[in-house]
Peer 1: 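Could you have a look at this structure, given as structure tokens, before my questions?
Proteins get letters first, then strands, A, B, ... in listed order; numbering begins at 1 in each. Just so we're clear, the structure is a prediction, and the values are computed from it rather than from any experiment.
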Amino acid sequence: MKPSIPTGTRDFSPGDVRRRQYILKTISTVFELYGYQPLETPSMENLTTLMGKYGDEGDRLIFKILNNGLNNPVKAEKTRAAFENVLTGKNDPNLTERALRYDLTIPFARYVVMHQNDLALPFRRYQMQPVWRADSPQRGRYREFWQCDADVVGSNSLINEAELLAIYREAFNRLGVPGIQVKINSRKILAGLAECCGAPELMADITVAIDKLDKIGMEGVEKELLERGLTEEQIRFITSYLAIKGDTGAQLAEMASLLAGSDMAQRGITELQDTIALHNQLKNKDWDSQLVVDFTLARGLSYYTGIITEVSTTAVKMGSIGGGGRYDDLTGLFGLKGLSGVGISFGIDRIYDVMTELNLYPDTLATSTKVIFVNIEAEAAPAILGYVARLRQAGIASEYYPDKAKFDKQMKYADKRNIPFVGIVGSDELAASVITLKDMRNGEQKKLNAAEIVDFLSKAQ
RNA sequence: GAGGCUAUAGCUCAGUUGGUUAGAGCGUCGGAUUGUGGUUCCGAAGGUCGCGGGUUCGAGACCCGUUAGCCUCCCCA
């Protein structure tokens, strides 16, 4: 049988894992700097927790888990009825009642409601775990991928928004990803647009269409709006909305006058202005990313209500590598009303792909073991095991090639593993109680005793 | 859900209008070299040409079906 892995998943070899851990470590360090605490939730949730939270398309993409014990003859009738139910496109708990998590936000909301009595609000948490989507894979899209979320619940302050934007910029600055654009918009402005053109019920259709502006152009957007049931007059209004350009201040002022008829939109504009002003107090001059207002930014998830944000890079052709926003009543879905939240997410797999394509990792990630002792003289085993024990005690990663093999083969092994030093203890060295230490990068060799080798390798790069 | 492309050695791929026994590079193993890696040189192993059917004297190639993978749209990180 030819081994394979499911579509849209991948193996990560040792070097890959080091690169991914570097990304995760960099981001978690920034999260911690901003006071966020780690959280983990189960890979699977009850299906009822997830269904209906991500829109129709989202529901379709949830990976469901088949119940165990379906072959139980006692339940055969129920199971058959459940299967009929599923054939009509519904879910049935007699067939499936659990699913793999689709994102980290809904499980977090579920967690907050379940642990509300133990939490000190406002509660800031970060979470770095895989999520699963039953989507058909393509470039930058996987069925299993990692997200890295930071959310805060129990605070309405825009300081949170301003800080989360700062987290994006700080993290991508530390990772050294070029061409980063952090785009922001407000759901309230989008709602105001729908309101002002007299089609509040078509807000979703309008946002989906205008979100594609940079992809399909103004004509494409107009065509799509028409198909989605907007009138010519409404489309003209949306066109004038999309035509607003210039620097941030001017754009916001112009938008305020265009959407003068909507209180909702005015609130959204004020929130954007305030968020940017707060962010400007926090920002670091060294960050070379851009914070840009983008009125076409929509974002799919239906639960957002305030500021929304999305991150992309101009350096590589790739979809968004992060996104987030405010959701006023997320926990309300689970019975806890009046708790507002705001959060962001880093798409680790896309960030990893971008950084791999641009080769943005520090060289130091490659090294692991510092010295390997070759196995050429069986009698030397006790002495060498003593050496590696001392080296490890001193914090130096050391190995002893476990099998007696040809010298040549062991040297090739050390070379392939990129191990910088090789320790040689044959009969001569054993008799003299020394180690011949070879630096694989320049070929130089020297004889050291046990104390000297610990000292030397502690200092050696 | 709609459309396009691909499937040949462990990996990446070549294979001429259909013509003898299926090719390369990389990797693996052995040797040059039983106490010295990277660079060389020699040799070896490794194939149901995705699967099933059809056309043909003859199919890796052409046709039909099927499965899987990749890509685009939709949507998303």
Peer 1: Is the shortest side-chain N/O distance from A:Q138 to OP1 or OP2 of B:rC70 below 4.0 Å?
Peer 2: no
Peer 1: Need one value for A:V131: base, sugar-phosphate or nothing, where a base atom within 4.0 Å counts as base even if backbone is also close, heavy atoms only.
Peer 2: nothing
Peer 1: How do A:V311 and A:D439 order along RNA chain B: which one's closest nucleotide is nearer the 5' end?
Peer 2: A:D439
Peer 1: Looking for any heavy atom pair under 4.0 Å, which part of the strands does A:G58 touch: base, sugar-phosphate only, or nothing?
Peer 2: nothing
Peer 1: Counting only side-chain nitrogens and oxygens, does A:K406 get under 4.0 Å of the OP1 or OP2 atom of B:rG31?
Peer 2: yes
Peer 1: Looking at A:D135 and A:R143, is there a salt bridge between them, counting it only when a charged N and a carboxylate O are closer than 4.0 Å?
Peer 2: no
Peer 1: In whole Å, measure the gap between the C1' atoms of B:rG30 and B:rU20 for me.
Peer 2: 32 Å
Peer 1: If you measure from the Lys or Arg side-chain nitrogens to the Asp or Glu carboxylate oxygens, is any gap between A:E45 and A:R110 under 4.0 Å?
Peer 2: yes
Peer 1: Can you tell me how far P in B:rA77 sits from the matching atom in B:rG38, rounded to whole Å?
Peer 2: 48 Å
Peer 1: Can a side chain N or O of A:K212 be found less than 4.0 Å away from OP1 or OP2 on B:rC75?
Peer 2: yes
Peer 1: For RNA chain B, whose closest nucleotide is more 5', that of A:I321 or that of A:S427?
Peer 2: A:S427
Peer 1: Are A:K412 and A:D415 within salt-bridge range, i.e. N to O under 4.0 Å?
Peer 2: no
Peer 1: Heavy atoms only, 4.0 Å cut-off, all strands: where does A:Q410 land among base, sugar-phosphate and nothing?
Peer 2: nothing
Peer 1: When you measure only distances, ignoring hydrogens and angles, does the side chain of A:E429 come within 3.5 Å of the base of B:rG35 through a donor and an acceptor?
Peer 2: yes
Peer 1: Below 4.0 angstrom from OP1 or OP2 of B:rU28, is there any side-chain N or O of A:K416?
Peer 2: yes
Peer 1: Any stacking of A:F346 on B:rA77, going by centres under 5.5 angstrom and planes within less than 30 degrees?
Peer 2: no
Peer 1: Taking only the P atom of each, what is the distance from B:rU28 to B:rC74 in whole angstrom?
Peer 2: 45 Å
Peer 1: For B:rU34 and B:rC26, measure between their P atoms and round to the nearest Å.
Peer 2: 24 Å
Peer 1: Any salt bridge linking A:R10 with A:D349? Criterion: basic side-chain nitrogen under 4.0 Å from a carboxylate oxygen.
Peer 2: yes
Peer 1: Quick one: which of B:rC71, B:rG35, B:rG37 gets closest to the side chain of A:R139?
Peer 2: B:rC71
Peer 1: Between A:E399 and A:R417, does any NZ, NE, NH1 or NH2 come within less than 4.0 Å of an OD or OE carboxylate oxygen?
Peer 2: yes
